[in-house]
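Okay, so here's the structure we're looking at.
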2 protein chains.
Amino acid sequence: MASSNQPATPARQLRADAARNREAVLCAAREVFAESGLDSPLEEIARRARVGIGTLYRRFPSREHLIAAALVGKITEYADAAENALGEADPWAGLSGFVRKICALQAGDRGLADLLLMTMATSGEIEAIRERANRAATELIARAKAAGTVRPDLTGEDLLLMMIANSSIAAAAGRDAPCAQPRFVALMLESFQPRPDSALPRPPSAAEMRRVMTRLAAAYGCHADPAAAAELCGGHPPQSSLGQPAAH
Amino acid sequence: MASSNQPATPARQLRADAARNREAVLCAAREVFAESGLDSPLEEIARRARVGIGTLYRRFPSREHLIAAALVGKITEYADAAENALGEADPWAGLSGFVRKICALQAGDRGLADLLLMTMATSGEIEAIRERANRAATELIARAKAAGTVRPDLTGEDLLLMMIANSSIAAAAGRDAPCAQPRFVALMLESFQPRPDSALPRPPSAAEMRRVMTRLAAAYGCHADPAAAAELCGGHPPQSSLGQPAAH
DNA sequence: CGCTAGCCGGAGGCTTTGCTCCACATCGGC
DNA sequence: GCCGATGTGGAGCAAAGCCTCCGGCTAGCG
């Protein structure tokens, strides 16, 4: 068993009809996830793709595989936004533009909003892209700090908190209050700016936020513990060769 | 079919054992709601109260009735916090203390956090208390604006946005990142302070936010449309115009 | 063409949750 | 202590989702 981590493209060439169906599922998944988030019923996706539920499961053995395959493109947009922002001459313009951009992305796609807040243990590809975005975002903050246009105690974790908040506001306000989300982002950006004599309580650590993201993943039915993840990938659970991994 | 709006206290004297059970259910409900939010399974509440599910439904014919009965006390704390803050001499100390207080309340009780973001069409009592809090909060903002310690374009709707955000951060971070929620509140308070030459996009209207709260209520299985609500109360659906006091 | 590996759909088992209904138990006035 | 009004528990039905399995279909190679 070659342990290719997860087939972003199917292992071998699919038959023409199968490939067509696979694409239809991905397309429907993008639609449904965007509308209703990553915990949408998979049956709804199959229905919209005009495909049996069995077909969906054959192509994507778990929800996480489907999520990863459907949203690589979208999360790449996110990473690209971060790196493009580094090209901006003015550090504050770069950072604030990036913040507005990703918050708008979240507001426009509930699936992406969810994905940006969780870790996908089974998809190295997604995590690599996220890491790329993280590096760029950290650099964006560092530059703005150096230029004195951002409060010196701002951290990358603050950006993540903002994204959690933005995601819930976008989900709650939706079309009922379309100006809520931009308003909130503007307020957050105000809070990022430096202000003399104002100290913030200490931020959460990167490790803490990683744990948060792992728990959020679990809430969407994505098992982030290594054993379950490995099993899902067809890999070997650590210490392999036990009859069955304990997790069920 | 008596059309008493909703029995905050049971219609007539309950038998001793029944009253004891009712109290046990309320107590369990407060626990479970606090831990897991207003969408917790009612069976879990019955189980923890060591009571049959039938008993729970007999006493509280719908989830909304149970929520209202279990959380009147908590939401009263919220309204009291607002009114007490009006007693504070320094307007900014009053407002910021209030904000920190309610956000801490939300962080400590997921049920309350949820309740503060939704309208309870079937419980005039809850809505009256909320209205009391709204009036006080509006006054708090007005005072702080007058004193120049808060940005002039801040509105009551911004407070609600903050509460939505705070609720989701508290829920996500939980015990994994206990400093996340205070950190976020501190940032929001920074954004409330005045800053020359900074304009915010226009805030959502009160009516829009009311619609948002109604939809959030529906998400917890609370039917907020007048017809369903009235039916649930055994009252008459149409015409009666005494509905909610319009916020503001 | 004909054949088969590969693919398809959805029936159906399982779990969770909501809510109803009724045979039985208990309280408490007399 | 009797006995009916009152209360109790949980069996049971329905709906929604997850996921597996298998009888039948077809694409596309030879």
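Proteins come first, then strands; the chains are lettered A, B, ... in the order of their sequence lines, and each starts at number 1.
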Can you name the nearest heavy-atom pair linking Arg215(A) to Ala171(B), along with the distance? NH2-O, 3.5 Å

For Gln13(A) and dA5(C), give me the distance from atom CD to atom C1', rounded to whole Å. 16 Å

Using whole Å, report how far CZ of Phe60(A) lies from P of dC7(C). 13 Å

To the side chain of Tyr57(B), which of dG10(C), dG9(D), dT20(C) is closest? dT20(C)

Can Thr122(A) and Glu64(A) be counted as having a side-chain donor-acceptor contact under 3.5 angstrom? yes

For Arg47(B) and dT16(C), what is the distance between atoms CZ and P respectively, to the nearest whole Å? 10 Å

Would you mind reporting whether Met213(B) and Leu160(B) have side-chain heavy atoms less than 4.5 Å apart? yes

Closest non-hydrogen atom pair between Asp39(A) and Arg63(A), with its separation: C-NH2, 3.1 Å

Can you figure out which of dG18(C), dG6(C), dC8(C) approaches the side chain of Thr55(A) most closely? dC8(C)

Leu42(A) atom CG is separated from dA16(D) atom P, nearest whole Å, by 16 Å

Does dC18(D) have its OP1 or OP2 closer than 4.0 Å to a side-chain nitrogen or oxygen of Arg63(A)? yes

Hey, does Met118(A) have a side-chain heavy atom less than 4.5 Å from the side chain of Cys222(A)? yes

Tell me what Arg59(B) touches on the nucleic acid: a base, only sugar-phosphate, or nothing, going by heavy atoms under 4.0 Å. sugar-phosphate

Using atom CG of Leu56(B) as one end and atom C1' of dG7(D) as the other, report the distance to the nearest whole Å. 14 Å

Rounded to the Å, how far apart are His65(B) NE2 and dG18(C) P? 17 Å

Touch class at under 4.0 angstrom, heavy-atom based, for Arg58(A) against every strand present: base

Ile53(B) side chain, from C-beta outward: closest of dG28(C), dC19(C), dG10(C): dC19(C)

5' precedence on DNA chain C between Ala18(A) and Glu43(A) (nearest-nucleotide basis): Ala18(A)

For Arg20(A) and dT26(D), give me the distance from atom CZ to atom P, rounded to whole Å. 13 Å

In whole angstroms, how far is the C1' atom of dC25(D) from the CG atom of Asp17(A)? 10 Å

Can you work out whether Gly54(A) or Asp39(A) has the more 5'-proximal nearest nucleotide on DNA chain D? Asp39(A)

Phosphate contact (dC8(C) OP1 or OP2) by Asn21(A) side-chain N/O below 4.0 Å: yes

Nearest-nucleotide 5' precedence on DNA chain C, Ser40(B) against Ala16(B): Ser40(B)

